Amino acid sequence: MSGTRPGPDDLAALLAGPVERVAPLLLGAVVSHAGVSIRLTEVEAYGGADDAGSHAHRGPTRRNATMFGPAGRLYVYLSYGLHVCANVVTGPEGSPGAVLLRAGEVVAGADEARSRRRTGVARDLARGPGRLGQALGLRLDLDGTDLLAPSTVTLQPGELVTSVERGPRVGLRGDAERPWRFWIADEPTVSAYRKAPPLGC
DNA sequence: CGACGGATGGGCT
DNA sequence: GCCCATCCGTCGG
């Protein structure tokens with residue numbers, strides 16, 4: 001009982017659980033890199049072999065290796081050849097799980113974030129996983145960064161968020177659909193939900 | 001505004 | 001080759 005403020009040890013304990021329990025607990029947490037800090041307002045949970053929507057669905061590969069590692073690592077991947085997206089790995093080593101950082105509010109370094117983004121609209125600086133990665137200046141070589149040790153990327157737990165809403169994940173269809181998207185209610189920075197395209201048969 | 005499609009490159013059937 | 005855990009500019013109502 002050394003204090004009321006969450007520290008690194010609490011973060012390790014927080015990330016130890018099953019990914020669908022951890023994900024909503026990361027809402028309100030603050031991610032920082034290269035002069036920009038973002039308070040998370042929207043996240044999604046991704047599991048292992050049983051989750052058809054997860055990169056880890058078909059077992060370990062070079063790209064998704066970080067998802068199979070210990071909790072607290074940053075899993076960074078390239079989306080659509082253009083966008084750098086980031087996840088926080090959860091659960092025990094060997095059982096893949098990660099929380100995709102979908103959107104947030106820039107709480108520090110707004111000028112820096114604006115210089116990296118095309119838009120100047122504050123609300124849109126990190127409204128979407130690709131935008132969030134761009135605002136933070138994330139790069140693929142940051143994949144595997146240990147957030148539980150001193151590093152250029154940091155994650156600090158926020159205060160407990162009371163009004164959490166949940167719904168289906170974005171951009172997936174069919175068997176991949178799960179209500180594993182979580183966001184803070186009434187937050188303008190939550191990314192716009194786009195329905196999955198219909199199957200053309 | 002909502003809908004639509006092009007950009008763009010790595011991963012994997 | 002085809003499929004994306006997306007973004008943004010453009011076009012029509």
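Per chain, numbering begins at 1; letters A, B, ... match sequence-line order. Bear in mind the structure is a predicted one, so any value in this text is a computation, not a measurement.
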Using a strict 4.0 Å threshold on nitrogen-to-oxygen distance, state whether A:E42 and A:R181 make a salt bridge.
->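 A salt bridge is present here (some side-chain N lies under 4.0 Å from a carboxylate O).
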
Salt bridge check: are A:R169 and A:D51 linked by an N-O gap of less than 4.0 Å?
-> yes

Could you list the protein-to-nucleotides 7-9 of chain B atom pairs, N/O on both sides, closer than 3.5 Å?
| from | atom 1 | to | atom 2 | distance (Å) |
| --- | --- | --- | --- | --- |
| B:dT8 | O2 | A:Y80 | O | 2.4 |
| B:dG9 | N2 | A:G81 | N | 3.4 |

Atom-to-atom span, [atom1] of [X] to [atom2] of [N] - whole angstrom:
X      : N      : atom1 : atom2 : result
A:R63  : B:dG10 : CZ    : C1'   : 8 Å
A:N64  : C:dA5  : CG    : C1'   : 13 Å
A:R169 : C:dT6  : CZ    : C1'   : 16 Å

Calculate, to the nearest 0.5 Å, the distance between atoms CG and CG belonging to A:L40 and A:L25 respectively.
-> 12.0 Å

Nearest-0.5 Å distance, CG of residue A:L101 to CG of residue A:L136 |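 Here the rounded value is 8.5 Å.
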
Kindly state which residues belonging to [range] come within less than 4.0 angstrom of DNA chain C, counting heavy atoms of the residue only, listed by number.
range                       : result
residues 115-146 of chain A : A:R117, A:G128, A:P129, A:G130, A:R131
residues 96-111 of chain A  : A:L100, A:R102
residues 47-60 of chain A   : A:G53, A:H55

Identify all side-chain donor-acceptor contacts of residues 77-95 of chain A below 3.5 Å with residues at least two apart in sequence or on another chain.
| from | atom 1 | to | atom 2 | distance (Å) |
| --- | --- | --- | --- | --- |
| A:N87 | OD1 | A:L100 | N | 3.4 |
| A:N87 | ND2 | A:Y75 | O | 3.2 |
| A:S95 | OG | A:P92 | O | 3.3 |

Return the set of residues passing salt bridge (Lys or Arg N to Asp or Glu O under 4.0 Å) with A:R127 (not counting sequence neighbours), or none when no residue passes.
->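 By the salt bridge (Lys or Arg N to Asp or Glu O under 4.0 Å) rule, A:R127 matches A:D124.
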
What residues form a salt bridge (Lys or Arg N to Asp or Glu O under 4.0 Å) with A:R139, not counting sequence neighbours?
-> A:D141

Tell me, please, which residues at least two apart from A:A71 pass side chain to side chain contact (heavy atoms under 4.5 Å, CB included).
-> A:L15

Range-with-range stems for DNA chain C, at least three Watson-Crick or G-U pairs under 3.5 Å | B:1-7 with C:6-12, B:9-12 with C:1-4

The side chain to side chain donor-acceptor pair (under 3.5 Å) partners of A:T189 (sequence neighbours excluded) come to A:T41, A:E187

Evaluate the side-chain contact (heavy atoms from CB on, under 4.5 Å) criterion for residues A:R39 and A:I184: first the C-alpha distance (whole Å), next the side-chain angles of each, then the deciding distance (0.1 Å), finally the verdict.
-> CA-CA 11 Å; A:R39 171 178 169 262; A:I184 300 177; 3.6 Å; yes

Could you tell me which non-hydrogen atom of [X] sits nearest to which non-hydrogen atom of [Y], and how far apart they are?
X      : Y      : answer
A:A135 : A:I38  : CB-CD1, 4.2 Å
A:T154 : A:S151 : CG2-O, 3.8 Å
A:A103 : A:V190 : CB-CA, 4.4 Å

Name the atoms and distances for all side-chain donor-acceptor pairs under 3.5 Å in residues 59-70 of chain A, with sequence neighbours left out.
| from | atom 1 | to | atom 2 | distance (Å) |
| --- | --- | --- | --- | --- |
| A:T61 | OG1 | A:R63 | N | 3.4 |
| A:T61 | OG1 | A:N64 | N | 3.4 |
| A:T61 | OG1 | A:N64 | OD1 | 3.4 |
| A:T61 | OG1 | A:N64 | ND2 | 3.4 |
| A:N64 | OD1 | A:T61 | N | 2.7 |
| A:N64 | ND2 | A:H55 | O | 2.9 |
| A:N64 | ND2 | A:G59 | O | 3.0 |
| A:T66 | OG1 | A:D143 | OD1 | 3.1 |
| A:T66 | OG1 | A:D143 | OD2 | 3.2 |

Atom pairs and distances, donor-acceptor, side-chain atoms in residues 158-167 of chain A, under 3.5 Å, two or more places apart:
| from | atom 1 | to | atom 2 | distance (Å) |
| --- | --- | --- | --- | --- |
| A:E165 | OE1 | A:W183 | NE1 | 2.9 |
| A:R166 | NE | A:P179 | O | 3.1 |
| A:R166 | NH2 | A:P179 | O | 2.9 |

